[in-house]
Amino acid sequence: MNIFEQYLDKIKKVILKLSKNGELIIPKNLDGITTEIPPIKFDADISTNAAMVLSKINKKPPKDLAAILVDEIKKDDEFIESINVVKPGFINLKLKSIFWNNFVKEIIQNSETFGINKKEKKKNYLIEFVSANPTGPLHVGHCRGAVLGDVIANILLFNKHKVTKEYYVNDYGNQIINFTKSVYYRIREILFNEPFPIDNYELYPGDYIINFAKNILNSKSINDYKNFKNISEQLTVLSTNEALKLIKKNLNKLGIVHDSFISEKKLVINQEVEKVINYLQSQNFIYQGKIKAPAGENTKNWIERDQLLFKSTNFGDDKDRALQKSDGSWTYFASDVAYHKNKLDRKFDQLINILGADHAGYIKRISFSVEALSGSKQKIICKVSQLVKLIKDKKPFKMSKRKGDYITLDDLINEVGKDAARFIMLNRSSDVELEFDFDSIIEKSKDNPLYYVQYCYARIASVFRHIEKDIKSKIIVKNYNFKFSKEEINILKKISEWPKCIDISSRKLEPHRIPTYLYELASLFHAYWNLGKENPEKRFINDKRNISEDKLVFLKVTSNVIKTGLKIVGVSAPEKM
RNA sequence: GCGCUUGUAGCUCAAUUGGAUAGAGCGCCUGACUUCGGAUCAGGAGGCUGAGGGUUCAAGUCCUUCCGGGCGCACCA
């Protein structure tokens with residue numbers, strides 16, 4: 001139950017009715033009219049801007065219009081305690097405590113579905129995220145995008161949409177050849193005692209390659225390692241499989257499981273790239289031409305050459321984009337276009353891509369290709385996760401692949417744990433760079449907002465332990481005539497904002513709103529808890545270890561939201577810490 | 001040079017898809033545990049939301065021009 005939607009509907013009905021009676025002129029649509037959470041200082045529960053929005057068209061001051069609206073809104077509403085008009089023209093409603101009794105009843109009876117946007121049309125989403133090259137373990141940089149994608153999926157799933165989480169495996173191209181060669185040299189190092197050519201900058205120096213080499217040797221799939229050419233194809237498959245196995249293990253440790261993995265190589269082998277290029281050619285989106293060197297860049301080494309180009313400038317890109325390399329093989333972009341055709345063919349309602357900041361420049365061309373392929377019928381949403389700045393010893397920590405001094409996702413989780421990693425990565429809007437201070441998260445874990453929220457749940461759980469009830473089991477309520485305290489109603493108000501939080505997070509694909517909300521809710525709860533120190537009446541259980549039904553229900557409802565929220569974020573809700 | 005993105009308290013960040021007197025944490029100062037878990041709480045100091053212009057009843061939020069940061073700008077992926 002979303003009380004803001006509920007009252008918005010009601011207010012709109014009132015406005016329509018007044019306009020029918022000729023008391024009010026209304027604009028073409030009422031979209032500008034909203035219900036909001038009033039600032040705390042007003043001691044109100046819901047506010048609306050209706051009078052201000054209607055003011056201009058009616059040529060009347062908001063105050064006068066508000067007066068008319070207030071009378072009509074008040075009519076036949078047994079739940080409104082007071083309603084008043086505030087300075088620029090806001091109408092603020094305060095609800096009676098019976099309203100909150102009903103509100104709580106609703107939640108108790110539908111604890112699993114509280115917060116879900118039931119009105120929303122259910123869609124079928126495809127969300128592609130992580131898609132790191134299968135050449136080694138995931139590192140910290142991948143972590144943020146991974147969590148972002150996973151939690152966006154969780155929010156959509158919570159709202160009862162259908163979601164497919166997909167990983168695009170870039171197992172084709174130069175990087176893969178270099179990677180396979182690296183494995184090959186490590187194998188020779190083991191078999192023939194040849195030193196690994198560490199000076200060759202095309203190769204991957206990381207130690208993990210040694211493990212891949214050992215695993216492949218142990219599998220005994222290949223007998224003769226003397227000639228690279230003879231075994232390169234087989235070795236590529238074995239090597240990328242090793243890398244993928246490791247990546248999946250890393251993801252699992254973060255609590256992420258993709259529904260499907262799509263191989264770039266397969267798209268190429270099945271000639272899906274040719275097919276899509278032919279199609280685009282038939283639609284006149286492709287031509288043979290040259291790309292100009294970018295202005296301001298060092299153009300000494302620039303070689304202009306004829307290439308197969310996609311006309312992304314048709315859609316507003318700065319330049320057209322190459323599809324084919326000079327050796328005739330496809331560019332990354334070409335097979336990605338084929339991949340997106342493949343996505344479109346699977347008939348999703350909405351495609352979502354999660355990209356790292358370093359790939360943001362890629363968004364235009366890929367979205368334009370989706371436009372071209374779908375005849376502008378489909379648009380893809382691309383979310384960018386900004387960089388994570390690692391701080392160690394109060395200094396920025398720069399990672400270098402070459403030196404091998406980069407922090408893997410595995411290291412990160414081993415140090416701070418899955419839950420903290422997820423919560424911190426999500427705690428900020430994905431649009432801003434995030435500072436990840438290793439030391440403060442490891443050393444003083446109390447500074448970690450995750451614990452603050454979890455502690456709230458643990459405190460409630462401890463009350464349940466004292467009264468020998470299970471926090472997880474359903475509560476049977478005899479009658480719903482509660483008498484909530486001022487503080488409890490204040491927290492219930494916050495709980496009433498939960499569906500709104502979910503709604504916005506879902507529509508804007510902004511999961512960071514959930515940890516923020518949970519933190520705020522936990523904060524109110526901790527403050528209330530501490531009142532019990534000075535005033536025993538504010539405690540939840542009395543000397544005889546009894547609890548009133550009101551308080552029991554209140555705790556149940558609060559813990560329910562915290563738990564649901566933590567679950568969406570993908571972290572645990574421990575009963576003891 | 002171009003594109004994307006960002007600029008809010010000393011630091012790290014929120015801010016209800018345009019709403020009211022811009023809020024938290026850290027740090028700094030003062031206080032609260034014989035009793036439901038102190039991983040907590042109460043109070044104080046700290047702001048011309050980078051600068052100018054515009055749209056609007058209303059702008060941190062939208063448009064525009066500057067200034068500063070980040071990322072990207074070939075056949076890499």
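Everything quoted here is computed from the prediction, not taken from an experiment. Quick note: numbers below take in every heavy atom, side chains included, and nothing from hydrogens, waters or symmetry partners. Just so it is clear: chains get the letters A, B, ... in the order the sequence lines come, proteins before strands, and each one is counted from 1.
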Residue matched to B/A24 through Watson-Crick or wobble contacts both under 3.5 angstrom
B/U12

By the 4.0 Å heavy-atom rule, please label A/L387 as base, sugar-phosphate, or nothing.
sugar-phosphate

Write down the distance between CZ (A/R144) and P (B/C71), rounded to a whole number of angstrom.
14 Å

Can you tell me whether the side chain of A/K533 and the base of B/G38 have a donor-acceptor pair closer than 3.5 Å?
yes

How close or far is atom C1' of B/A24 from atom NZ of A/K494, stated in whole angstroms?
11 Å

Need to verify one output field. Residue with the more 5' nearest nucleotide on RNA chain B, A/T35 or A/A357?
A/T35

Nearest of B/A20, B/G37, B/A77 to any side-chain atom of A/A458?
B/G37

A/Y362 side chain to A/D336 side chain, donor-acceptor N/O pair below 3.5 angstrom
yes

Just the rounded figure in Å: distance from P of B/C76 to CD of A/E264.
11 Å

Should B/C2 form a Watson-Crick or G-U wobble pair with both distances under 3.5 Å, which nucleotide is its partner?
B/G72

Mind checking if A/E520 touches a base, just sugar-phosphate, or nothing, with heavy atoms under 4.0 Å?
nothing

A/E433 side-chain proximity, nearest of B/U40, B/C13, B/G70:
B/G70

From the candidates B/U12, B/A77, B/C2, the one with an atom nearest any side-chain atom of A/E435 is B/U12

Give A/G173 one of three labels, base, sugar-phosphate or nothing, depending on what nucleic acid heavy atoms sit under 4.0 Å from its own.
sugar-phosphate

Think A/K325 has a side-chain N or O under 4.0 angstrom from the OP1 or OP2 of B/A77?
yes

Using purine N1 to pyrimidine N3 plus N6-O4 or O6-N4 for Watson-Crick, or N1-O2 and O6-N3 for G-U wobble, each under 3.5 Å, what pairs with B/A42?
B/U30

Closer than 3.5 angstrom, by distance alone: can the side chain of A/T48 be matched with the main-chain N or O of A/T34 as a donor-acceptor pair?
yes

Does any donor-acceptor pair link the side chain of A/T331 with the base of B/A77 at a separation under 3.5 Å?
no

Is the phosphate of B/G38, meaning OP1 or OP2, less than 4.0 Å from a side-chain N or O of A/R459?
yes

Return the stacking result for B/G19 and A/F90: yes when the ring centres lie under 5.5 Å apart and the planes under 30°, no otherwise.
no

Contact class for A/F4 vs. all strands (heavy atom < 4.0 Å): base, sugar-phosphate, or nothing?
nothing

Can you tell me the distance, in whole Å, between the CD1 atom of A/I177 and the P atom of B/C76?
12 Å

Taking any heavy-atom pair under 4.0 Å as a contact, classify A/D306: base, sugar-phosphate, or nothing.
nothing

Shortest non-hydrogen contact from A/G565 to A/I514?
O-CG2, 4.0 Å

Give A/S462 one of three labels, base, sugar-phosphate or nothing, depending on what nucleic acid heavy atoms sit under 4.0 Å from its own.
base

Output yes when a side-chain donor or acceptor of A/D45 lies under 3.5 Å from a complementary backbone atom of A/L95, and no otherwise.
yes

note: A/L65, atom CG; B/A58, atom P; distance rounded to Å ~ 16 Å

With a 4.0 Å cut-off on heavy atoms, is A/V86 in touch with a base, just the backbone sugar-phosphate, or nothing at all?
base

Which of the following nucleotides, B/G70, B/A32, B/G37, is nearest to the side chain of A/N530?
B/A32

Ignoring hydrogens and angles, are the base of B/A24 and the side chain of A/N427 linked by a donor-acceptor pair under 3.5 Å?
no

Heavy atoms only, 4.0 Å cut-off, all strands: where does A/V384 land among base, sugar-phosphate and nothing?
nothing

Just call it for A/P536: base, sugar-phosphate, or nothing, with non-hydrogen atoms closer than 4.0 Å on any strand.
nothing

Answer yes when A/K343 and A/E128 have at least one side-chain N-carboxylate O distance shorter than 4.0 Å, and no when they do not.
yes

Pair of N/O donor and acceptor under 3.5 Å linking B/G19 base with A/N49 side chain:
yes

Atom NZ of A/K508 to atom P of B/A15: distance rounded to whole Å?
8 Å

Choose from B/A20, B/G70, B/U12 the nucleotide whose nearest atom is closest to any side-chain atom of A/F42.
B/A20

Taking OP1 and OP2 of B/A15, is either one under 4.0 Å from a side-chain nitrogen or oxygen of A/H512?
yes

Is B/U55 paired to anything, Watson-Crick or G-U wobble with both distances less than 3.5 Å, and if yes, which nucleotide?
none

Please determine, for the side chain of A/I504, which listed nucleotide (B/U40, B/A77, B/U16) has the closest atom?
B/U16

Which pair of non-hydrogen atoms, one from A/S47 and one from A/F90, has the smallest distance, and what is that distance?
OG-CD2, 4.3 Å

Is it true that a side-chain atom of A/S312 and a backbone atom of A/K319 form a donor plus acceptor pair closer than 3.5 Å?
yes

Counting distance only, does the side-chain N/O of A/Y451 pair as donor-acceptor with the main-chain N or O of A/A420 below 3.5 Å?
no

It should be established whether A/Y455 places a side-chain nitrogen or oxygen under 4.0 Å from OP1 or OP2 of nucleotide B/A39.
yes

With sugar-phosphate meaning primed atoms plus P, OP1 and OP2, does A/E304 contact a base, only sugar-phosphate, or nothing at under 4.0 Å between heavy atoms?
nothing

Nearest to the side chain of A/R428, heavy atoms from C-beta on, is which of B/A14, B/C2, B/C13?
B/C13

Touch check for A/P39, heavy atoms < 4.0 angstrom, all strands: base, sugar-phosphate only, or nothing?
base

Donor-acceptor pair, A/T180 side chain versus A/I176 backbone, under 3.5 Å?
yes

Is A/K319 close enough to B/G3 that one of its side-chain N or O atoms is under 4.0 Å from OP1 or OP2 there?
no

Which is true for A/A132 with a 4.0 Å heavy-atom rule: it touches a base, it touches only sugar-phosphate, or it touches nothing?
nothing

Regarding the side chain of A/A527, the nearest nucleotide among B/U16, B/A14, B/C41 is B/C41

Under 4.0 Å between any heavy atoms, over every strand shown, what does A/S47 touch: base, sugar-phosphate, or nothing? Just pick one.
base

A/Y519, nearest nucleotide to its side chain (from B/C4, B/G25, B/G19):
B/G25

Any side-chain N or O of A/K87 less than 4.0 Å from the OP1 or OP2 oxygen of B/A20?
no

Give A/I541 one of three labels, base, sugar-phosphate or nothing, depending on what nucleic acid heavy atoms sit under 4.0 Å from its own.
base

Gap between atoms CD and C1', on A/E510 and B/A15 respectively (whole Å):
12 Å

Out of B/A20, B/C4, B/U16, which has the shortest distance to the side chain of A/K500?
B/U16

Would a 4.5 Å heavy-atom cut-off, applied to side chains only, mark A/L24 and A/L65 as touching?
yes

Counting only distance, no hydrogens or angles, is the base of B/A77 paired donor-acceptor with the side chain of A/H359 under 3.5 Å?
yes

Closest-nucleotide mapping onto RNA chain B: is A/T34 or A/D431 further toward the 5' terminus? I mean the 5' end.
A/D431

Looking at A/R539 and B/U35, is any side-chain donor or acceptor paired with a base atom of the opposite kind under 3.5 Å?
yes

State whether A/Y452 places a side-chain N or O below 4.0 Å from either non-bridging phosphate oxygen (OP1 or OP2) of B/C41.
yes

Measure OH/A/Y451 against P/B/A39 and give the value in whole Å, please.
13 Å

